[in-house]
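Notes to accompany the following structure.
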Number of protein chains: 2
Amino acid sequence: MSQGNSRVTDQDIHPVACPIREIIDSVAGKWSVQIVLLLVARGPMRFTELERGIEGISRRMLTLTLRNLERDGLVVRTVFPTVPPRVEYTATQMARELRGAFAELADWARRHQEAIMAARAAYDRRYAAEQRTAGRPEQDTGSAESATVPAT
Amino acid sequence: MSQGNSRVTDQDIHPVACPIREIIDSVAGKWSVQIVLLLVARGPMRFTELERGIEGISRRMLTLTLRNLERDGLVVRTVFPTVPPRVEYTATQMARELRGAFAELADWARRHQEAIMAARAAYDRRYAAEQRTAGRPEQDTGSAESATVPAT
DNA sequence: CTGTATCCTTAAAGATACTG
DNA sequence: CAGTATCTTTAAGGATACAG
């Protein structure tokens, strides 16, 4: 492909309006959350311990996510200059506090798990299969909080 | 799970296919969060109001995210059969409760915003530019929680 | 052991023309 | 107005060989 074309990235066009949002996005990713929770729960861990402790993570993603967490000050990387090298990752105080917020979210999910599953089932029942393309029939099936069609 | 070994494995601690995780992932996305917060804060809104209210969202993403939120039971879509059509999106009680969890997260981010920015600056100073490839110099610059090199 | 560099595939997102 | 369909671009992620 062609190159050298200095592209204007989205960052240029949509400068991160809210730094808070940006921080949350950085920290609330799928892998970040799991790593933070694990480190807070179990204390300092080595690279391979984390790799084995987090189901399905690739070596690359573990490295990248750890680097981001380190950069944000949520984990500290400690190198023991032995051979072979030993590296430990430790959650900082900030990370321990973050755990509380995550727990809150998890609590909410747990509390509403049933309702959400039910809502999904109802939704899928309402708009069964691929018929959405041809236009939505604006009818509900009588369930609790379905889309309503108020009288004109 | 699969073993009679008395040892506690990572699998036991970290059960795969956690529905809670899935729900959080579904609901905590970049756009979902903003839509929920906006709807909870301002009450029912129309499609174009949302489009204008959320900086940078594309029409397609707005539609997709609204559909997911509707499916999860976080927003209710109400169609007024007028012409031209009027559609309102309303946050449900579940969504209003979720707002609390998001607020917690936002609070954490706000509290630590300075520290995070500082950590990032320190990190970037430590490993300036692209030199990571050639091997990391294991030195810290004396800041608070930098990576340490314990004595052998 | 602890990563990094590289290649490749897939999923997410943007732009936008078009429709009921 | 409120979307949907479609095409294209971009980012995320997985696999893995290899290095210090």
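Residue numbers begin at 1 in each chain, while the letters A, B, ... track the order of the sequences. All of these numbers come straight from a predicted model, not from anything done at the bench.
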Rounding to an integer number of Å, can you tell me how far A:Arg77 CZ sits from C:dT2 C1'?
8 Å

Non-neighbouring partners of A:Arg46 that pass salt bridge (Lys or Arg N to Asp or Glu O under 4.0 Å), sequence neighbours left out:
none

Show me the pairs that pass ring pair (Phe, Tyr, Trp, His ring centres under 6.0 Å) and involve residues 44-71 of chain A, at least two apart or across chains.
none

How would you list, by chain and number, every residue that makes a side chain to side chain donor-acceptor pair (under 3.5 Å) with B:Arg42, sequence neighbours excluded?
none

Check whether any side-chain N or O of A:Tyr89 sits under 4.0 Å from OP1 or OP2 of C:dG3, and answer yes or no.
yes

With sequence neighbours left out, write down each residue that passes side chain to side chain donor-acceptor pair (under 3.5 Å) with A:Arg59, or none if nothing qualifies.
A:Glu51

How long is the line joining CD of A:Glu88 and C1' of C:dG3, in whole Å?
16 Å

For A:Leu66 and A:Leu50, run side chain to side chain contact (heavy atoms under 4.5 Å, CB included): C-alpha distance rounded to whole Å, both residues' side-chain angles, the deciding distance at 0.1 Å, then the answer.
CA-CA 10 Å; A:Leu66 281 172; A:Leu50 283 164; 4.1 Å; yes

With five pairs defining each end axis, the helix from C:dC1-D:dG20 to C:dG20-D:dC1 comes out bent, to 10°, by 40°

With sequence neighbours excluded, residues passing salt bridge (Lys or Arg N to Asp or Glu O under 4.0 Å) with B:Arg111
A:Glu97

Within residues 35-50 of chain B, the residues having a heavy atom closer than 4.0 Å to DNA chain D are B:Arg46, B:Phe47, B:Thr48

Can you list the residues that meet the ring pair (Phe, Tyr, Trp, His ring centres under 6.0 Å) rule with B:Trp108, with sequence neighbours excluded?
B:His112

In B/S/- notation, 5' to 3', how is nucleotides 13-20 of chain D contacted by protein heavy atoms closer than 4.0 Å?
BBB----B

Atom-pair distance (OH on A:Tyr127; C1' on D:dT4), nearest Å:
15 Å

Excluding sequence neighbours, so at least two apart, what forms salt bridge (Lys or Arg N to Asp or Glu O under 4.0 Å) with A:Glu88?
A:Arg86

Closer than 4.0 Å, any side-chain N/O of A:Arg67 to the OP1 or OP2 of C:dT4?
yes

Would you mind reading off the distance between A:Leu64 atom CG and D:dA11 atom P, rounded to a whole angstrom?
15 Å

Residues that B:Arg120 engages under side chain to side chain donor-acceptor pair (under 3.5 Å), provided they are two or more places apart
A:Glu22, A:Asp72

Could you state the atom-to-atom distance from CD of B:Glu51 to P of D:dG3 in whole Å?
10 Å

Answer yes or no: is there a side-chain heavy-atom contact under 4.5 Å between B:Leu38 and B:Tyr89?
no

Can you list everything that forms a salt bridge (Lys or Arg N to Asp or Glu O under 4.0 Å) with B:Glu49? Sequence neighbours excluded, please.
none

